[in-house]
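What follows is a set of notes on a single structure, which appears directly below.
Owing to the predicted nature of the structure, the values given are computational and were not obtained by experimental measurement. We use all heavy atoms of the structure for the numbers below, so side chains are in, but hydrogens, waters and symmetry mates are not. Residue numbers begin at 1 in each chain, while the letters A, B, ... track the order of the sequences.
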Amino acid sequence: MTYEEELRQERITKVEKLREMGVDPHGGRFDDVESTGSIRERAKSLNIDTGEIREGERARVAGRIVLQRVMGNLIFLTIRDQSGDLQFGLSKKKLKEQWPALKLLDLGDIIGADGDLGKTKTDELTLWADNVTILSKTIQPPPSKWHGLTDVELRYRHRYVDLFSNPDVRETFIQRSTIIQAVRDYLIGCDYIEVETPALQPIYGGAAAKPFTTHHNALDINLFLRISPELYLKRLLVGGMERVFEVSRNFRNEGISTRHNPEFTMVELYEAYADYNVMMERVEGMTALAIERLDGNLKRPFGDREIDYTIPWARHKYADLLREHAGVDMADVDGIRRKADELGIKHEKMDDAVVTNEVFEATVEDKLIQPTFVYDYPAAICPLTRRHPENPDIALRFEAFVNGMELGNAYTELNDPIVQEENLRSSLAGEKKDETMAVMDEDFILALEYGMPPAGGLGVGLDRLVMLLTNSQSIRDVILFPLQRPRQATEG
RNA sequence: GGGGGCGUAGCUCAGUCGGUAGAGCAUCGGCCUUUUAAGCCGCUGGUCGCAGGUUCGAGUCCUGCCGCCCUCACCA
């Protein structure tokens, strides 16, 4: 038996001992629990004196034992719930009958207690228990009681341990919920409705990415996990749903990095009779509400930088940035190709627009630190976007960048079915076949033929928004269970 | 796929020039009714990621492999 198994066996023995005492080691319903946060708040107005036990000031709390100080017949426990930590005082005098069971408590166990509030002589707010309920006797030892779990691999593989032993991690995911709820509330406040469209799609489209493929047995057909909900949401515009959004889990069968996870969450929205300028306001608006719900601070640290989200964000034309940072004119194809040579980009077999965008990505993107809308993209790489009325080589598209990272992407949507069909039929040299946005979807074209109102559309990467607003350097720190290569069963 | 780094007790980490694998915490046993990472005494705990190689001798040097992190490439 390994030492690890021994430690586990010792705890299993304690579980059996509890059963012999007639104590259920796994508890049950435990009503009317007050959070430790609420208790701390309540205690402020009670003015409990140091060393006082306020008889009759009742409290009922449940949580996990994260620290334990046993002094023979007096035990102090630090109990952690979602809102924070609170000290329990367990005295043999008050808990005579339960004492043998309470001596079996270990770090990591989940318990509940009723008692009077007080303060110890070191002025620590304490629940002096007169009844303790064991809610879950644990058989795995928790990690280091003050370092928590630091091994990054174990943190991701055993996120549940990471969450209860590292309060900062839990706080980040609570903030994630706050941010996404703010995005929803903002859009609902703009008269949007939330919808759900297929994640299993017979044709994938709406983005340029490799899909995951799967198979439906009963229909005997191959399906793709969506890379984007775009083509379905636009069908809803045709159907007369004028403002729709979806919080969409998208799947892209591509590399993993600090900014990419194979499954990620976007909010994608479409607004009839709007355009991409309105979408810029939507990005600003949802971000501002999220910040307001967090701490209201528009100037936020990210790594060693400070990002200022004050509205309005900077707006720059794609062509202007290309001229500024690459020193070439967007219409100067030869100049762009010379620059591509300089940058070591192999562009011989690429379409002009693809080369242009390669140069843009290499020279401009990492310069866009403060929130910036880059607008008016080369039309050829935007098959789903309406053309500029004065220049058919320009598409009414913007991308939002923060800290050199693409946060969002928006169009004034193309609603001309004839042009849309042409765009989907033509593929660009230099684009990989399975990674182009130009995948023909006959039913989508048919929908457009029935008439889609002019509209603005927008997608915002919510994982990346959460990264930025919570100062998280890796997308894995804002995704609860990021993809990891599975380990053999030998791993604990 | 290229480059760099990491992998030692349940957890957090040391381990010098190649010379008997260590500490703290946790666990286990003992003392303890006001602790705050409680304290004190005693014990237990190891496939040094895996497999080879060099060597009288490898946690340490070499090769291959596995996993993770960073980075470049890839990637709306």
Side-chain angles (χ1 to χ4, degrees), chain A residues 1-11 13-14 50-51 53 66-78 85 87-94 106-108 118-126 128 140-158 161 165 206-210 227-228 230 250 252-260 262 266 344-346 354 357-358 360-362 365 374 377 381-385 397-401 405-411 431-432 435-437 459 461 473-474 476 482 484-488 490-492:
Chain A
M1 190 158 62
T2 65
Y3 189 63
E4 192 176 357
E5 286 163 348
E6 263 177 56
L7 292 176
R8 182 168 171 273
Q9 195 54 51
E10 276 165 3
R11 284 176 173 240
T13 303
K14 290 180 180 177
T50 301
I53 298 178
V66 294
L67 292 172
Q68 186 177 221
R69 296 171 287 281
V70 182
M71 269 152 287
N73 296 321
L74 180 66
I75 302 175
F76 288 106
L77 301 174
T78 302
D85 296 351
Q87 175 163 278
F88 281 11
L90 276 52
S91 146
K92 186 176 181 182
K93 232 180 218 173
K94 273 193 172 177
D106 283 304
L107 289 175
K119 280 192 176 172
T120 61
K121 65 186 187 189
T122 52
D123 209 37
E124 179 79 19
L125 180 63
T126 301
W128 288 100
Q140 284 286 343
S144 171
K145 65 187 182 187
W146 64 84
H147 293 108
L149 192 62
T150 64
D151 183 289
V152 177
E153 183 177 353
L154 290 180
R155 285 185 44 226
Y156 295 150
R157 289 190 189 280
H158 301 170
V161 179
S165 65
K210 293 192 194 100
I227 58 173
S228 158
E230 173 153 352
N250 296 341
R252 297 185 183 176
N253 204 339
E254 290 171 350
I256 297 174
S257 79
T258 49
R259 295 174 172 192
H260 299 84
M266 294 192 71
I345 296 167
K346 291 172 191 154
V354 178
N357 203 43
E358 292 279 330
F360 182 89
E361 287 179 3
E365 286 194 358
V374 179
Y377 273 65
I381 59 169
C382 312
L384 300 164
T385 312
R397 168 185 183 175
F398 76 76
E399 290 195 0
F401 287 90
M405 177 164 72
E406 184 197 336
L407 176 64
N409 180 29
Y411 314 142
E431 279 192 333
K432 291 173 193 157
E435 284 184 28
T436 176
M437 275 191 262
Q473 304 303 307
S474 170
R476 290 178 214 104
Q484 301 279 107
R485 185 180 293 279
R487 300 206 77 177
Q488 299 303 314
T490 55
E491 193 259 339

At 4.0 Å (heavy atoms only), tell me whether [X] reaches a base, stays on the sugar-phosphate, or touches nothing.
X: A:T120; answer: base
X: A:Y411; answer: base
X: A:L149; answer: sugar-phosphate
X: A:R155; answer: nothing
X: A:K346; answer: nothing
X: A:G344; answer: nothing
X: A:D151; answer: sugar-phosphate
X: A:L7; answer: base
X: A:G148; answer: sugar-phosphate
X: A:T258; answer: sugar-phosphate

For [N], does either OP1 or OP2 sit under 4.0 Å from a side-chain N or O belonging to [X]?
X: A:R476; N: B:C70; result: yes
X: A:K210; N: B:A76; result: no
X: A:Q484; N: B:C69; result: yes
X: A:K145; N: B:A38; result: yes
X: A:T150; N: B:C13; result: yes
X: A:R157; N: B:C68; result: yes

| request: Select from A:M71 and A:R397 the residue whose nearest nucleotide in RNA chain B is closer to the 5' end of that strand. | output: A:M71
| remark: Judged by nearest nucleotide, the residue sitting upstream toward the 5' end of RNA chain B, A:K93 or A:R11, is A:R11
| field | Test side-chain contact (heavy atoms from CB on, under 4.5 Å) applied to A:Q87 and A:T120, step by step | value | CA-CA 10 Å; A:Q87 175 163 278; A:T120 61; 3.6 Å; yes
Would you mind telling me which of [options] lies closest to the side-chain atoms of [X]?
X: A:V152; options: B:A76, B:C69, B:U35; result: B:C69
X: A:P143; options: B:C13, B:C11, B:C69; result: B:C11
X: A:E153; options: B:U33, B:C70, B:G67; result: B:G67
X: A:R69; options: B:A38, B:C32, B:C28; result: B:A38
X: A:Y3; options: B:A26, B:U34, B:C68; result: B:A26
X: A:K14; options: B:C28, B:G67, B:A76; result: B:C28
X: A:W146; options: B:C25, B:A76, B:U35; result: B:C25

| Got a sec: does the CZ of A:R69 have more than 12 other heavy atoms crowding it under 6.0 Å? | yes
| Got a sec, which residues hit salt bridge (charged side-chain N to carboxylate O under 4.0 Å, His left out) with A:E124, two or more places apart in sequence or on another chain? | none
Between protein and nucleic acid, restricted to nucleotides 3-7 of chain B and to nitrogen or oxygen atoms under 3.5 Å apart, what atom pairs and distances do you find?
none

base_contact_polar ([N] base, [X] side chain, donor-acceptor, <3.5 Å):
X: A:Q87; N: B:U35; answer: yes
X: A:H147; N: B:C11; answer: no
X: A:Y377; N: B:A76; answer: no

Can you tell me how far [atom1] in [N] sits from the matching atom in [M], rounded to whole Å?
N: B:C69; M: B:U55; atom1: P; value: 38 Å
N: B:A76; M: B:C62; atom1: C1'; value: 45 Å
N: B:A23; M: B:G30; atom1: C1'; value: 23 Å
N: B:U63; M: B:C28; atom1: C1'; value: 43 Å
N: B:G46; M: B:C32; atom1: C1'; value: 33 Å
N: B:G2; M: B:A73; atom1: P; value: 16 Å
N: B:A21; M: B:C13; atom1: P; value: 24 Å
N: B:C43; M: B:G29; atom1: P; value: 16 Å

Complement of [N], any strand, by Watson-Crick or G-U distances under 3.5 angstrom:
N: B:U55; result: none
N: B:U33; result: none
N: B:G42; result: B:C28
N: B:G67; result: B:C6
N: B:A73; result: none

| said: Check the orientation of A:W128 and A:F76. Use parallel for under 30°, tilted for 30 to 60°, and perpendicular for over 60°. | reply: perpendicular
| So, does A:E230 use its side chain to make a donor-acceptor pair with the main chain of A:A207 at under 3.5 Å? | no
